[in-house]
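On a predicted model such as this, the values are computed, not experimentally measured, just so you know.
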Amino acid sequence: MSLESVRAFFAEKAPDLQVVELSTSTATVALAAEAHGVEPGQIAKTLAFRIGERHLLIVARGDARIDNRKIKDTFNGKAKLLDAETVLALTSHPVGGVCPFGLATALPVYCDVSLRAFDEVVPAAGSIHSAVRIAPERMAQLVQAQWVDVCQALPVAATAEQAV
């Protein structure tokens, strides 16, 4: 059903976007990057958190790590990753297929500025075998996301690769 909710979302809001389905699993950043022929940073991973009584999603580049201090300062509280069962209940997407599209529950979505290093990113599309290729700005617009800076700075080698 999750893949179908994502398809319905795109049919209504962005009919020009196509969901890509693969026979191999793309449940991890490494698997997704290999399957889609992109670098790990281009995989837009969606993480579900609870901060106080709030639930929210943060979409970040695949090779970025969340900075706990930045999250605490940005959202005024300590963030806790949600367990797989809660993620599935809130989003209708299984872990490994979580994305900000076609959610079962209206959740606030935040996109980390790390995504802006790319012209195109590849977030999951509701299953561990599906994804979509999309510009980060368009993704943020479609899901009414706010931009935040909550990831650790990338090592110099990773940023130098982006400049090439």
Side-chain angles (χ1 to χ4, degrees), residues 1-66 71 75 79-148 150-151:
M1 170 156 162
S2 182
L3 175 58
E4 293 313 311
S5 69
V6 172
R7 286 189 192 284
F9 176 89
F10 287 132
E12 179 185 335
K13 299 186 183 289
D16 59 305
L17 294 176
Q18 298 296 313
V19 172
V20 177
E21 288 186 81
L22 302 173
S23 58
T24 60
S25 173
T26 56
T28 68
V29 170
L31 289 173
E34 183 177 335
H36 292 286
V38 298
E39 61 184 273
Q42 279 184 269
I43 301 302
K45 63 184 176 185
T46 303
L47 304 168
F49 291 97
R50 179 174 49 92
I51 301 174
E53 297 303 312
R54 300 176 292 163
H55 294 110
L56 56 90
L57 299 179
I58 296 175
V59 186
R61 61 184 283 159
D63 58 358
R65 296 182 64 89
I66 294 294
I71 272 208
F75 296 105
K80 180 174 169 49
L81 270 172
L82 297 178
D83 62 82
E85 186 177 306
T86 304
V87 170
L88 183 60
L90 288 173
T91 66
S92 80
H93 309 322
V95 170
V98 180
C99 64
F101 316 112
L103 300 172
T105 308
L107 295 169
V109 178
Y110 298 87
C111 288
D112 187 77
V113 296
S114 62
L115 293 167
R116 288 182 165 156
F118 303 102
D119 294 331
E120 180 181 76
V121 293
V122 185
S127 79
I128 62 167
H129 299 283
S130 62
V132 64
R133 291 177 175 266
I134 188 169
E137 296 292 338
R138 184 159 187 217
M139 178 177 61
Q141 176 209 13
L142 284 173
V143 299
Q144 299 176 356
Q146 292 181 40
W147 287 97
V148 293
V150 294
C151 288

Judged by atom type as modelled, is there a donor-acceptor pair below 3.5 Å linking the side chain of T91 to the main-chain atoms of V87? yes

Please report the C-alpha distance between V132 and L17 in whole Å, then the side-chain angles of each, then the deciding distance to 0.1 Å, and finally whether the side chain to side chain contact (heavy atoms under 4.5 Å, CB included) criterion is met. CA-CA 7 Å; V132 64; L17 294 176; 4.2 Å; yes

Could you tell me which non-hydrogen atom of T26 sits nearest to which non-hydrogen atom of L31, and how far apart they are? CA-CB, 4.1 Å

Within the 4.5 Å heavy-atom criterion, are L22 and H36 side-chain neighbours or not? yes

Validation row: F101, M139 side chains within 4.5 angstrom (heavy atoms): yes

As a test of understanding, state which of V143, V98, L115, I134 forms a side-chain contact (heavy atoms from CB on, under 4.5 Å) with P123. I134

Measuring from Q144:CD to L142:CG, what's the distance to the nearest 0.5 Å? 9.5 Å

Is any side-chain heavy atom of R116 closer than 4.5 Å to a side-chain heavy atom of W147? yes

Measure from the ring center of F75 to the ring center of Y110 and say whether it is less than 6.0 Å. yes

Evaluate V38 against R133 for side chain to side chain contact (heavy atoms under 4.5 Å, CB included), listing each step before the verdict. CA-CA 11 Å; V38 298; R133 291 177 175 266; 3.8 Å; yes

Within the 4.5 Å heavy-atom criterion, are F10 and V19 side-chain neighbours or not? yes

Side-chain heavy-atom pair L103, F9 within 4.5 angstrom cut-off: no

Would you check if I66 and L47 make a side-chain contact, meaning some heavy-atom pair closer than 4.5 Å? yes

To check you understand the geometry: which heavy-atom pair defines the closest contact between V109 and V59, and what is its length? CG1-CG2, 4.1 Å

Please answer whether the main-chain N or O of A48 pairs with a side-chain N or O of H55 as donor and acceptor at a distance below 3.5 Å. no

Heavy-atom count around E137 CD within 6.0 Å, excluding the residue itself: above 12? yes

Heavy-atom side-chain contact between T46 and I58 under 4.5 Å: no

Derivation of the side chain to side chain contact (heavy atoms under 4.5 Å, CB included) call for S92 and S2: CA-CA 5 Å; S92 80; S2 182; 3.8 Å; yes

Looking only at heavy atoms, which two atoms of G126 and P94 are closest? And how far apart? O-CD, 3.4 Å

State plainly whether the residues D16 and R138 are in salt-bridge range, i.e. N to O under 4.0 Å. yes

L107 versus L57: any side-chain heavy-atom pair under 4.5 Å? yes

Please name the pair of heavy atoms, one in S130 and one in E21, separated by the smallest distance, quoted to 0.1 Å. CB-CG, 4.2 Å

Rounding to 0.5 Å, atoms CD (E85) and CG (L90) come to a distance of 11.0 Å

Minimum heavy-atom distance P136-V121, with the two atoms named: CG-CG1, 3.9 Å

Are the side chain of D63 and the backbone of P40 linked by a donor-acceptor contact shorter than 3.5 Å? no

Between C99 and A124, what is the shortest heavy-atom contact and its length? CB-O, 3.0 Å

Would you say the side-chain atoms of Q42 pair up with the backbone N or O of R61, donor to acceptor, closer than 3.5 Å? no

How many angstroms lie between CG in L88 and CG in L82, if you round to the nearest 0.5 Å? 12.0 Å

Any carboxylate oxygen within less than 4.0 angstrom of a Lys/Arg side-chain nitrogen, looking at R7 and E12? no

Is there a donor-acceptor pair under 3.5 Å between the side chain of S25 and the backbone N or O of A27? yes

K45 side chain to T28 main-chain N or O, any donor-acceptor pair under 3.5 Å? no

Candidate pair V148 and V113, rule side chain to side chain contact (heavy atoms under 4.5 Å, CB included), full reasoning: CA-CA 6 Å; V148 293; V113 296; over 6 Å; no

